Structures are given as C-alpha cells and as structure tokens.
Amino acid sequence: MAELPQSPLMGQMMSQPLLISHIIRHADRYFGANEIVSRRVEGDIHRYTWRDCHRRARQLANALKSLDVQMGERVATLAWNGYRHLEAYYAVSGSGAVLHTINPRLHPDQIAWIANHAEDQVLLFDMNFLPLVESFAPACATIKTYVMLCDREHMPPTGKLPNLLCYEDWIAAQSDAYEWPLFDENSASSLCYTSGTTGHPKGALYSHRSTVLHSYGAALPDGMNISVKDVILPVVPMFHVNAWGLPYSVPLVGAKLVLPGPALDGKSLYELMEQEEVNFSAGVPTVWLGLLNHVGENNLKFSTFKRTIIGGAACPPAMIDKFKKQYGIEVIHAWGMTEMSPLGTTCTLQPRHMKLPEAEQARVLAKQGHVIYGVDMKIVDDAGDELPWDGKTFGNLMVKGPWIVSGYFKGEGGDVLQDGWFPTGDVATIDADGYMQITDRSKDVIKSGGEWIGSIDLENIAMAHPAVQIAACIGVFHPKWDERPLLVVVKKPGVEVSKDELFAFYEGKIAKWWTPDDIVFADSVPVGATGKILKNKIREMYRDYTLPT
Ligand code: ADP
C-alpha cells in the first residue's frame, strides 16, 4: 500500500504488534486451567490445559531453534485436529517461522508439489501418515527434517525417511523457558494453499496482524459468537484454512477446545460431543450429513449441542431447518475462502427480522449473510461497474479487508486485485439490508440461452425432498440453449423417489424454465479434499450426456 500521510498530532497509545504468540500467552495467563481435549490418532482421548499447551509450545519453539529454523522459513504439518498440531500452530508462528498446513487428502504428487513450492524445511506429521510421507518424501528436496507426532513407543523400528525425529523425545529434551520474540506484525505467520480445482494450487500467506484481526472478528457475537462459556469442537480440519481460524479464536476467548482427530464419522463425532458437553461446532455441509444420519437412525438427541457454523459450500435450507426443528440447534451460515482467512460473512438476524414470519426469517437465514466488520464487499458486472443491492441482481462478488490476500505466495497468478478489490470467483446478490447470497461459483453457473441459472437454488430445492441425500446440479450441452441443467441425485439409504416425483417437487418453486431438463440417480458424487462436492468432476462424468428433447 502507498505511504499514508501522517497527522501532525499522532495518538499516544502503546504501539504493540499484533502477534499470534500473544494469544497463547493470554490463554495461559487468564484461562490457563481450561481444557483442550483431543481424540488422538493413537485411539485414546488426551486432555490437558491451555497452560500445558503454552508450555509445550515453548518447548517446541526451542526444538525448532535447535534445528536452526529461521524467521520466515516454512515448517509444514500434515496432521488431524489434535493437541500436538495446536502446539505447532503456536510454536512455529510464535517463533517467527511460517506454519504451512498441508491437506493430507491431496494426491501425494500434489503434496510434493506444494511442499517444494513452499520450500518447507521441516515436516511434522501424524503417525498414520507415515506411508504417505514416505511415498512423497523422495520428491521433496527442501525438507531436511521429518518429525513424527508421537512418542518413542509408536516410532517405526526402521524407516525410509532421512532425519526422522520422534516428537515427544524431541521436545522433552528442550527447556520450556522461551521468550516469544517481538517483530513486525506484518510478518508472515502461516501459509495455506487453495485446493486448486483448476491449475496448480496457489498459496495464501497470512500475517500475524491479519490472523489476530481475523480472530477478533470471527469471535464477535454476530460472527461465530463464541465466548469462554462455550465448549468448541472444530470439525473443519486444521489443514483447511486453519480450521476457519478457531485454533486462534478459541484461546482468544479462553474456551474449552475439543479436537476430534481423524474420527469424523457421525458416531465418533456424536460420542465426543456428548462426552465433552460440546455446545458449538463448525464444518462443511457434507460432514453434518453423516452426523444427522447417525443421530436420526439411532433416535438420539443432543444434550448440549446448541450452535454450529456451516460454510465452505452452500448449506441447504433443509439442513438449517432440520437442525433447528428436530434438534433445537442454531445454524449460522457462513461464507468465506482460503484467500479470506477465511471468514467473510455470517448470517444472523437483526431485530427487524425478528418480527417477520418464521418462513421469511428462514429465507434470510439461508443466505450467506452480512459482512463481519473489517470485510467490505460489492457485486459488479463484467465491466467492473457496481450493481444494485436489491437482492435480485447478481454479479461478481468482490471483497477487500485486512485479512484478505493482496496477491498469492511468490506472485503466482500475477496481480490479482482489481482496483484494490479481490475477485472471489463467486456470483452473488446483495439485498437492501446488505445480506449477500451466493448463487453460484462463476465456473459452475449454468448458461442457458444467454441467461444464467443458479445451480445452488436448484440443489437447495431438491435437498428439501425427504428422499434426497445429496443433489448436485451441472450444466450439460444442449443444441439449442448451449447449456441446460442436469440434476444428479444421491438418494437417502433405503428411501425411494422417482424422477417424476422430483420434477413435481420443483413445480411452483422456481421459474419453469429453470427446471432441470433431466434427473439422474447416482450412488455417490465425487467429494474433494476439503469435503466439497466436485462439480468439475461431475461435469466430466456427464460431459457426453444427451438430454431428452
Ligand atoms: P477452495 O477455493 O480451495 O475450494 P475454499 O475453502 O477457500 O477453498 O473455498 C472457497 C469457496 O467455497 C468460495 O469461493 C465459495 O465458492 C465456496 N463457499 C464457501 N462458503 C460458502 C457458502 N456458505 N455458500 C456457498 N459457497 C460457499
């Protein structure tokens, strides 16, 4: 950014850099006895406190120093949500190095590509990923040290990795005396690559300042609404945009944190939530399908679960409704992206909405919502001109703010900003109250005879049918209209529904010409590394599909 003018009268407040290390120090000093509970890869439940976490993070910071890891150098992790991963979040960034969280669900070649691009120096990994790490390690030129996140007992007798350390031994040998260094708050703190559905993944390089500001913003009552009174279980992985910032926001408010490890199936999640009295969670829609199925099939109830953030993909209104009506759980629909740390908007009601009939309120709550202070947004047409906020006109969604990327790591993709705004690649409407609704990703929009059809709307309607588990809508070639919608449906187990019944279900709910031209039933749909339905893969699968005429 250009140099800004200075006032002749500057404020006289302490100039204290916003650093990630201060968050863990704060959690230790003021909420030190509050718990962090983890389901470990080892299979058992581990519990300790924010004070213990801070102490071990300091030991890990000393351990990294012993490897001569320098400020700005990248230390990678390949791990589930667990306490050792959390220690790395603080030790790596707090000491001035950069935490690079890698998604283990990526193809090994892609992991190697990312690790090389990031020039990772050290890799910390969960023990169940040992075969995966061994498979890509020969292709990673820069990684000098591998650290397996386990104790001596779980180390392999021999291995293929050069310089393989045992995490527990490694940090046990270190003192817990460590002073977190002070440095410029704009220093890089962590690195996340986008899932790269098109081309190579690109890195979003967060700073201490952006991370701390995002943590404040995310915690706000009309953001994620979290406080020390909550018990918080992030289902969203710590390798997916830093678990949406929860590993920072939770210690910022001092709450109890519950980390589910690799067990993300409905049964394991339900048991952990009940056992630890979890009242708040966060995850993508596909993960909640598993939990709701488990709870429904076994006639279970939630004793403490009260609120959840759902985002990463559009949350079908039927899911919001089910959570509320059957289980009394409030869904906060949220939107964001890797490039936005990730939080952009959340959907909560204002007093004026409270007077609306329930169905109207539900319509508002299905939107992606209002910005969190710090983020600014607008919709523009292809010429870049701003479009009206009328809730109907849709356009390219642009954002700006202190926790939004200004460019990608190492300049990949060139100059990405347009007049200082980041183009999200999403298509949206904004209503007069400033509530945004995503109609589609621009690459998923269905263009029928020059007009756009929003695939999310069509999916949301189908998902409201009791027999539909998943609905994905894509555009397929049509000789007259260029593209027409094809709906791919996965039925709920043991429930039947016919094409005609589903077509009838659309009647009166949308403009007739939006109705899908055809419906196909599938056993499953491809889901990507962050739990999202891969529309590009579905488009490939049905590329030659002939629509009925
Ligand atoms: P990637 O782009 O790597 O898949 P992100 O997790 O950053 O990973 O995904 C961001 C995109 O996910 C957004 O640009 C948007 O298309 C989609 N998305 C996120 N939250 C929502 C939501 N609540 N509703 C609809 N789409 C969403």
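Small disclaimer: the values here were computed from a predicted structure and weren't measured. Start at 1 and go down the list; that is how both ligands and their atoms are numbered. For the single chain, residues carry numbers from 1 onward in sequence order.
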Chemist: Do F239 and I102 make a side-chain contact, defined as non-hydrogen atoms from C-beta onward lying under 4.5 Å apart?
Modeler: no
Chemist: I'd like to know whether CH2 of W514 has more than 12 heavy-atom contacts from other residues, nucleotides or ligands below 6.0 angstrom.
Modeler: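 Yes, enclosed.
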Chemist: Would you say G425 contacts ligand 1, with heavy atoms under 4.0 Å as the rule?
Modeler: no
Chemist: M340: heavy atom below 4.0 Å from ligand 1, yes or no?
Modeler: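 In this structure, M340 fails to qualify as a contact of ligand 1 - no heavy atom is under 4.0 Å.
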Chemist: Heavy-atom distances under 4.0 Å are what count here, so tell me which part of P342 touches ligand 1: side chain, backbone, both or neither.
Modeler: neither
Chemist: Please identify which atoms of ligand 1 are closer than 4.0 Å to at least one heavy atom of A314.
Modeler: 22 (C), 24 (N), 25 (C), 26 (N)
Chemist: Using a 4.0 Å heavy-atom threshold (strictly under), name the region of R441 that reaches ligand 1: side chain, backbone, both or neither.
Modeler: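 Near ligand 1, R441 shows its side chain, while the N, CA, C and O stay back.
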Chemist: T194 versus ligand 1: do any nitrogen or oxygen atoms come within less than 3.5 Å of each other?
Modeler: no
Chemist: Under 4.0 Å between a Lys/Arg side-chain N and an Asp/Glu carboxylate O for K535 and E540?
Modeler: no
Chemist: Just jot down the ligand 1 atoms closer than 4.0 angstrom to any heavy atom of Q368, in number order.
Modeler: 22 (C), 23 (N), 24 (N), 25 (C)
Chemist: Is the closest basic N to carboxylate O distance between D230 and K306 below 4.0 Å?
Modeler: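 Looking at K306 together with D230, the answer is no, because their closest N to O distance does not fall below 4.0 Å.
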Chemist: Which ligand 1 atoms does M337 reach within 4.0 Å, using its non-hydrogen atoms?
Modeler: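 So the atoms of ligand 1 that pass are 7 (O), 10 (C), 14 (O).
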Chemist: Enumerate the side-chain hydrogen bond (donor to acceptor under 3.5 Å, both in side chains) contacts for residues 372-388, please, sequence neighbours excluded, ordered by first and then second residue.
Modeler: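 Checked against side-chain hydrogen bond (donor to acceptor under 3.5 Å, both in side chains) - neighbours excluded - the pairs reaching residues 372-388 are D382-N396.
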Chemist: Answer yes or no for G312: is there a heavy-atom contact with ligand 1 below 4.0 Å?
Modeler: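 Yes.
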Chemist: Between the candidates K202, M436, K532, which shows the shortest non-hydrogen contact distance to atom 6 (O) of ligand 1?
Modeler: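 Heavy atom nearest to atom 6 (O) of ligand 1 belongs to K532.
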Chemist: Is the shortest distance from a Lys or Arg side-chain nitrogen in D431 or K367 to a carboxylate oxygen in the other one below 4.0 Å?
Modeler: yes
Chemist: What part of A313, side chain, backbone, both or neither, has a heavy atom within less than 4.0 angstrom of ligand 1?
Modeler: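 It is the backbone that gets close, since no side chain atom is under 4.0 Å.
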Chemist: Does an N or O anywhere in E339 fall below 3.5 Å from an N or O of ligand 1?
Modeler: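 There is no such contact.
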Chemist: Heavy-atom contact check, 4.0 Å cutoff: does A334 meet ligand 1?
Modeler: yes
Chemist: Under 4.0 Å between a side-chain nitrogen and a carboxylate oxygen: does that hold for R352 and D433?
Modeler: yes
Chemist: Does a side-chain N-to-carboxylate-O contact under 4.0 Å join R363 and E360?
Modeler: yes
Chemist: Side chain or backbone, does T530 bring an N or O within less than 3.5 Å of an N or O on ligand 1?
Modeler: no
Chemist: Do NZ/NE/NH1/NH2 and the carboxylate oxygens of K509 and D457 come within less than 4.0 Å?
Modeler: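 Looking at K509 and D457, the cut-off is not met.
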